[in-house]
Amino acid sequence: TSKDNDFLWIGLKDPTEREFALVQDELAFIYGGQGERLAREIDFRSAALRSLILPTHPHDRRRLVEGAAELLGLSLKVYCEIDSLETTRELVARGVADTLLPIACVREELKNRKLRAAKVRNRQLHRTLQLFHANGTSKSSAHDLVRCEVRSVILEFAQDDSFGWKRVA
């Protein structure tokens with residue numbers, strides 16, 4: 001079965017004619033809210049040398065972080081591999097290790113001060129949420145309506161700074 005519309009986070013890729021970029025998010029350095037307080041920004045090299053909780057291979061977030069480390073000739077200090085966001089947030093809040101996540105994934109914990117975030121300097125760790133329309137499939141008014149509605153909701157969230165999303169022009 002072919003899908004007519006798909007949404008996908010794409011790392012390090014520019015939109016083509018059949019893709020429509022919606023929003024972009026950036027990975028932030030996330031650490032426990034109870035321990036030391038870091039500056040609002042952290043150098044990627046410093047973040048990469050701390051104990052990190054990262055997802056397993058071939059997760060897009062893992063590839064993004066490893067790619068940035070490879071460009072600097074760094075080996076990541078991976079404390080453990082966990083695919084669950086809930087478990088990752090809990091372990092980081094306890095101070096077990098740190099992580100790199102989009103702000104949207106931890107906005108409640110940041111608000112409650114269970115977690116803290118620092119912007120990563122010197123390295124753009126960003127992804128773009130894109131809407132795909134498969135070439136060769138006919139557009140219908142129902143597809144157009146769904147696409148417009150979903151796009152509207154996503155762009156509405158992008159207006160809320162606490163999500164960390166930026167609208168792609």
Side-chain angles (χ1 to χ4, degrees), residues 6-15 19 21-132 153-169:
D6 287 310
F7 290 90
L8 183 64
W9 283 108
I10 301 289
L12 308 172
K13 185 179 177 190
D14 295 326
E19 303 167 6
L22 297 176
V23 293
Q24 196 171 66
D25 77 350
E26 199 169 322
L27 300 184
F29 179 74
I30 308 297
Y31 62 104
Q34 304 304 315
E36 66 179 304
R37 186 166 192 119
L38 300 175
R40 295 183 138 201
E41 292 187 358
I42 186 171
D43 183 74
F44 179 76
R45 179 179 301 275
S46 299
L49 296 175
R50 293 176 65 111
S51 292
L52 297 173
I53 297 172
L54 292 175
T56 58
H57 291 280
H59 197 284
D60 181 51
R61 185 166 42 97
R62 176 72 176 256
R63 287 194 317 251
L64 206 56
V65 173
E66 284 184 340
E70 286 175 19
L71 285 174
L72 292 174
L74 298 173
S75 293
L76 295 171
K77 189 175 174 186
V78 179
Y79 176 79
C80 64
E81 296 178 324
I82 298 176
D83 290 328
S84 164
L85 282 174
E86 185 176 335
T87 304
T88 298
R89 288 189 296 246
E90 181 60 35
L91 290 175
V92 172
R94 288 187 203 167
V96 172
D98 307 313
T99 194
L100 292 153
L101 283 171
I103 294 295
C105 294
V106 293
R107 59 192 289 268
E108 289 302 317
E109 291 82 359
L110 292 172
K111 195 183 304 182
N112 298 335
R113 296 194 173 131
K114 290 181 179 178
L115 296 174
R116 292 189 179 130
K119 181 176 175 61
V120 180
R121 284 191 312 256
N122 306 342
R123 190 63 48 207
Q124 291 296 322
L125 298 170
H126 65 271
R127 307 175 301 170
T128 303
L129 180 65
Q130 298 182 357
L131 168 64
F132 287 81
V153 169
I154 289 170
L155 294 178
E156 186 177 317
F157 282 126
Q159 291 177 355
D160 182 344
D161 289 338
S162 71
F163 273 87
W165 291 355
K166 292 179 180 65
R167 187 175 179 167
V168 177

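The first residue of the sequence shown is numbered 1, and numbering continues consecutively from there.
Going from atom CD of E26 over to atom CG of L101 covers 13.5 Å, rounded to the nearest 0.5 Å. Residue I53 holds its CD1 atom at 11.5 Å from CG of L85, rounded to the nearest 0.5 Å. Put simply, CG on L74 and OG on S46 are 9.5 Å apart, with the number rounded to the nearest 0.5 Å. Rounding to the nearest 0.5 angstrom, the gap separating the CD atom in E66 from the CG atom in L64 is 10.5 Å. For the atom pair I42 CD1 and R50 CZ, the distance stands at 5.5 Å (nearest 0.5 Å). Within the model, atoms CD of E90 and NZ of K114 stand 7.0 Å from one another, a figure rounded to the nearest 0.5 Å.
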- [ ] Run the numbers on R127 and Q24 for side chain to side chain contact (heavy atoms under 4.5 Å, CB included), then give the verdict.
- [x] CA-CA 6 Å; R127 307 175 301 170; Q24 196 171 66; over 6 Å; no
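Within 6.0 Å of CG on D161 lie no more than 12 heavy atoms contributed by other residues, nucleotides or ligands. Surrounding CD of E108 are more than 12 heavy atoms belonging to other residues, nucleotides or ligands, all under 6.0 Å away.
Taking the charged nitrogens against the carboxylate oxygens, K119 and E41 have no contact shorter than 4.0 Å, which rules out a salt bridge.
Of all heavy-atom pairs between T128 and V168, the closest is CG2-CG2, 4.1 Å. Listed here is the closest heavy atom pair of L76 and A48: CD2-CB, 3.7 Å. In terms of heavy atoms, A118 sits closest to A39 at CB-O, 3.6 Å. Pairing each heavy atom of I103 with each of A117, the nearest pair is CD1-CB, 3.8 Å. Looking at every heavy atom in both residues, L100 comes nearest to R61 through O-NH1, 3.0 Å. The two atoms that bring L54 and T99 nearest to each other are CD2-OG1, 4.5 Å, heavy atoms only.
Put simply, the side chain of R107 reaches to within 4.5 Å of the side chain of D160, judged on heavy atoms. Within the 4.5 Å cutoff, side-chain heavy atoms of V23 are placed close to those of L155.
A cation-pi arrangement is absent between R121 and F44, since the terminal nitrogen or guanidinium carbon is not both under 6.0 Å from the aromatic centre and inside a 45° cone about the axis.
Ring pair F163/F157 is tilted by interplanar angle, where 30° to 60° counts as tilted.
Scanning for side-chain hydrogen bond (donor to acceptor under 3.5 Å, both in side chains) contacts around T87 gives S84, with sequence neighbours left out.
Within the structure, side chain to side chain donor-acceptor pair (under 3.5 Å) pairs that include any residue of residues 67-81 comprise R62-E81 (at least two apart or interchain).
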